[in-house]
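Working notes, structure below.
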Amino acid sequence: MQTISLQRAEKIARNINAMDTNYHRSDDVRSWKFWNNLEKVIKKKLSELSNDDVEAIRPLLNPTEAKFFNLI
């Protein structure tokens, strides 16, 4: 059973979809730190969600970013 609200699922999906999946190639240290931190925050949040919660988020994701976070 889904435990997060649709609004929360949309917010998590929005953050995942905004992820720069190529940030590892960045020469800008500040940019790299920002994206690296965001990746850690998202992965931590995803690890705290139930399978049903993840299933609620999955349809809202762009394929590239979903693959980056191993959601497809």
Side-chain angles (χ1 to χ4, degrees):
M1 170 144 179
Q2 181 178 333
T3 58
I4 61 172
S5 68
L6 179 58
Q7 289 174 325
R8 184 72 180 130
E10 288 171 345
K11 183 177 179 182
I12 294 169
R14 185 172 55 248
N15 285 332
I16 291 172
N17 289 335
M19 184 71 194
D20 179 356
T21 58
N22 292 312
Y23 81 89
H24 287 63
R25 297 180 181 152
S26 177
D27 292 337
D28 181 358
V29 175
R30 290 186 320 173
S31 177
W32 185 90
K33 285 181 179 181
F34 172 82
W35 292 113
N36 189 58
N37 183 57
L38 183 58
E39 178 183 1
K40 288 177 185 176
V41 168
I42 291 171
K43 284 183 175 181
K44 183 178 185 303
K45 177 47 77 181
L46 289 173
S47 73
E48 297 168 351
L49 297 176
S50 71
N51 288 337
D52 289 336
D53 293 336
V54 173
E55 288 302 319
I57 294 167
R58 193 170 279 137
L60 305 172
L61 300 176
N62 298 330
T64 301
E65 289 78 13
K67 189 178 285 187
F68 182 82
F69 286 102
N70 298 315
L71 295 172
I72 59 170

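Numbers for residues simply follow the sequence, beginning at 1.
Separation of atoms CG (Leu61) and NZ (Lys67) is listed at 13.5 Å; rounding is to 0.5 Å. Interatomic distance, Ser5 OG to Lys11 NZ, rounded to the nearest 0.5 Å: 10.0 Å. To the nearest 0.5 Å, the span separating CD1 on Ile16 from CD1 on Ile57 amounts to 5.5 Å. A distance of 7.0 Å separates CZ in Phe69 from CG in Leu46, rounded to the nearest 0.5 Å. Once rounded to the nearest 0.5 Å, the distance linking CD of Gln7 with CZ of Arg14 reads 10.0 Å.
Side-chain contact check for Asp53 versus Ile12: every heavy-atom pair is 4.5 Å or farther apart. Side-chain contact between Asn15 and Val41 is absent, with no heavy atoms from C-beta onward closer than 4.5 Å.
Cluster annotation: Leu60 and Leu49 are assigned to distinct hydrophobic clusters (Ile/Leu/Val/Met/Phe/Trp/Tyr, side-chain heavy-atom contacts under 4.5 Å, transitive). Phe34 and Trp32 fall within the same hydrophobic cluster, where Ile, Leu, Val, Met, Phe, Trp and Tyr residues are linked whenever their side-chain heavy atoms come under 4.5 Å apart, directly or through other members.
Scanning for side chain to side chain donor-acceptor pair (under 3.5 Å) contacts around Glu39 gives Tyr23, Lys43, with sequence neighbours left out. Applying the salt bridge (charged side-chain N to carboxylate O under 4.0 Å, His left out) test to Arg8 and every residue at least two apart in sequence or in another chain returns nothing. Shown here are the side chain to side chain donor-acceptor pair (under 3.5 Å) partners of Lys40, two or more places apart in sequence or in another chain: there are none.
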Derivation and outcome, salt bridge (Lys or Arg N to Asp or Glu O under 4.0 Å), residues Glu48 and Lys44: CA-CA 7 Å; Glu48 297 168 351; Lys44 183 178 185 303; 2.6 Å; yes

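The number of heavy-atom neighbours closer than 6.0 Å to CG of Asn51, taken from other residues, nucleotides and ligands shown, is 12 or below.
Between the Arg58 side chain and the Leu71 main chain, a donor and an acceptor come within less than 3.5 Å of each other.
In terms of heavy atoms, Asn62 sits closest to Asn17 at N-OD1, 2.7 Å.
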